[in-house]
Amino acid sequence: MPELPEVETVVAGLRKTVLGKTIQNVEILYPKIVKSDLKMLTKGLPGNRIKQIQRRGKNILFSLSDRNTLWAHLGMTGHMFYFGKKVKADKHDVAVFRFRGNPGELHFHDLRKFGRLSLLNHSADELPTARLGPEPLQVSFQEFAKLFRSRKRMLKPALLDQSFIAGIGNIYADESLFEAKIHPQTRTDKLNEVALRGLYWGIRKTLRKAIRTGGSSVANYLDVDGNPGHFQIYHKVYGREGKPCPRCKAKIKRILVGQRSTHFCPKCQRFDFAHRPENIEGKRR
DNA sequence: AGCTCTTCCTGAAAGC
DNA sequence: TGCTTTCAGGAAGAGC
């Protein structure tokens, strides 16, 4: 599923392929993905040049020459495929963009149709980004620490909450918590300075490495040119239930936290590691 | 405020 | 073997 590193990879691909092109028309094959007014979108896009493409959290923002913004979210299984020539739409394509004076096409492909597309009548800077938490690769440690201390909730749901911190999904939440050796059910406000630093750097390390390797190819993630990423071979806990922890060889566990499957090492991700290191032996769940 | 449950959707995997 | 059920998951919305 596309999370921050995958979306970053997709945005890099979009910049190489469609940045600077002028939209000729857009064909919406599955109208339900459009969350803004459908007619406004299909009528408003043609003639617009794509001036800038940015990622914010897991969102893709196309800044248009008329100062409006095309907002895309890949959901669970969304892909953006660029073809250098006319190509017949796949049955899972939800939208096709065509460009002026150019045979190339951009296909928004989305098997499970959780993706979304909106035309927003304002610039990319003044987006519904008020509903998005800080970027994990940009936020300072001080702000990060303040954020976690300001809430009282379990870490796992907090990391998945886009209004809390943007861009992290199930894979990278689990992997980051593993890096930081923190139990997913630890409360955000219970992390001491050491644990907070560990988590801050764990998230950064995990996301950066995933970006470097082109994202994780699970749920058939592919980049704009149809290439898979490679980060999944580096997954240490995600999707590894019952397999040995790469750090201590204990069996990786999978539990449900807030309805979401959560993978962790029960031995080296201690529930109370973060705030009560002296009590590590005593408690179990 | 924060948790839980539901909805959207499809294909793979598990169950019978 | 083949049909049926379950599950996965990002985000939003309802209800508590």
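All chains are named by letter (A, B, ...) in the order of the sequence lines, taking the proteins before the strands, and each is independently numbered beginning at 1.
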### Query
Which whole-number value in Å describes the distance from A/L256 CG to C/dT6 C1'?
13 Å
### Query
In whole angstrom, what separates A/L155's CG from B/dC3's C1'?
15 Å
### Message
Is it the case that atom NZ in A/K113 sees more than 12 heavy atoms from other parts of the structure closer than 6.0 Å?
### Response
yes
#### Entry: A/S261 side chain reached by A/E241 side chain, heavy atoms, under 4.5 Å
no
#### Entry: Spacing of A/I33 atom CD1 relative to C/dA12 atom P, expressed in whole Å
16 Å
### Task
For the side chain of A/R153, starting at C-beta, report the closest nucleotide among C/dG9, B/dC5, B/dC3.
B/dC3
### Task
Please find out if less than 6.0 Å separates the ring center of A/F81 from that of A/H107.
no
Every protein N/O lying under 3.5 Å from an N/O of nucleotides 14-16 of chain C:
none

### Task
Look at the side-chain N and O atoms of A/K58 and state whether any lies under 4.0 Å from the OP1 or OP2 oxygen of C/dA11.
yes
### Message
Below the 4.0 Å mark, does C/dG9 have OP1 or OP2 next to a side-chain nitrogen or oxygen of A/Y238?
### Response
yes
### Query
Looking at A/T206, A/I203, A/L199, A/T186, which hits side-chain contact (heavy atoms from CB on, under 4.5 Å) with A/L177?
A/L199
### Query
Bend across the helix from B/dG2-C/dC16 to B/dC16-C/dG2, to 10°, with axes taken over 5 pairs at each end?
60°
### Message
Please check: side-chain N/O of A/Y82 versus main-chain N/O of A/K16, any donor-acceptor pairing under 3.5 Å?
### Response
no
### Message
Would you compute the distance between atom CD of A/Q52 and atom CG of A/L64 and round it to the nearest 0.5 angstrom?
### Response
11.0 Å
### Message
Rounded to whole Å, please give me the gap between CG in A/L74 and P in C/dG9.
### Response
17 Å
### Query
Atom CG of A/L159 to atom C1' of C/dG9: distance rounded to whole Å?
16 Å
### Message
When you measure from the side-chain N and O atoms of A/R254 to the phosphate of C/dA8, is any distance below 4.0 Å, counting only OP1 and OP2?
### Response
yes
### Query
Roughly how many Å is it from CG in A/L160 to P in C/dA11, rounded to a whole number?
9 Å
### Query
How far apart are the C-alpha atoms of A/K236 and A/D174, what are their side-chain angles, what is the distance that settles it, and do they pass the salt bridge (Lys or Arg N to Asp or Glu O under 4.0 Å) test?
CA-CA 9 Å; A/K236 293 173 180 168; A/D174 285 2; over 6 Å; no
### Query
How many Å lie between CG on A/D161 and P on B/dA1, as a whole number?
12 Å
### Summary
Only one of A/K156, A/E175, A/E3 passes side chain to side chain donor-acceptor pair (under 3.5 Å) with A/N170, and that residue is A/K156
### Query
Hey, is NZ on A/K35 packed in by over 12 heavy atoms from elsewhere, all under 6.0 Å?
yes
### Query
What integer distance in Å separates A/M76:CE from C/dA12:P?
15 Å
### Query
Ignoring hydrogens and geometry, is there a side-chain-to-backbone donor-acceptor pair from A/D110 to A/G115 under 3.5 Å?
yes
### Salt-bridge contact A/E193-A/R149 (side-chain N to carboxylate O under 4.0 Å)
yes
### Face-on cation placement of A/R247 at A/F178 ring, 6.0 Å and 45° thresholds
yes
Strictly under 3.5 Å: I want the nitrogen or oxygen pairs between protein and nucleotides 8-10 of chain B, one per line.
unit_1: B/dC9; atom_1: OP1; unit_2: A/Y30; atom_2: OH; d: 2.6
unit_1: B/dC9; atom_1: OP1; unit_2: A/K32; atom_2: NZ; d: 2.5
unit_1: B/dC9; atom_1: O4'; unit_2: A/R112; atom_2: O; d: 3.3
unit_1: B/dT10; atom_1: O2; unit_2: A/R112; atom_2: NE; d: 3.0

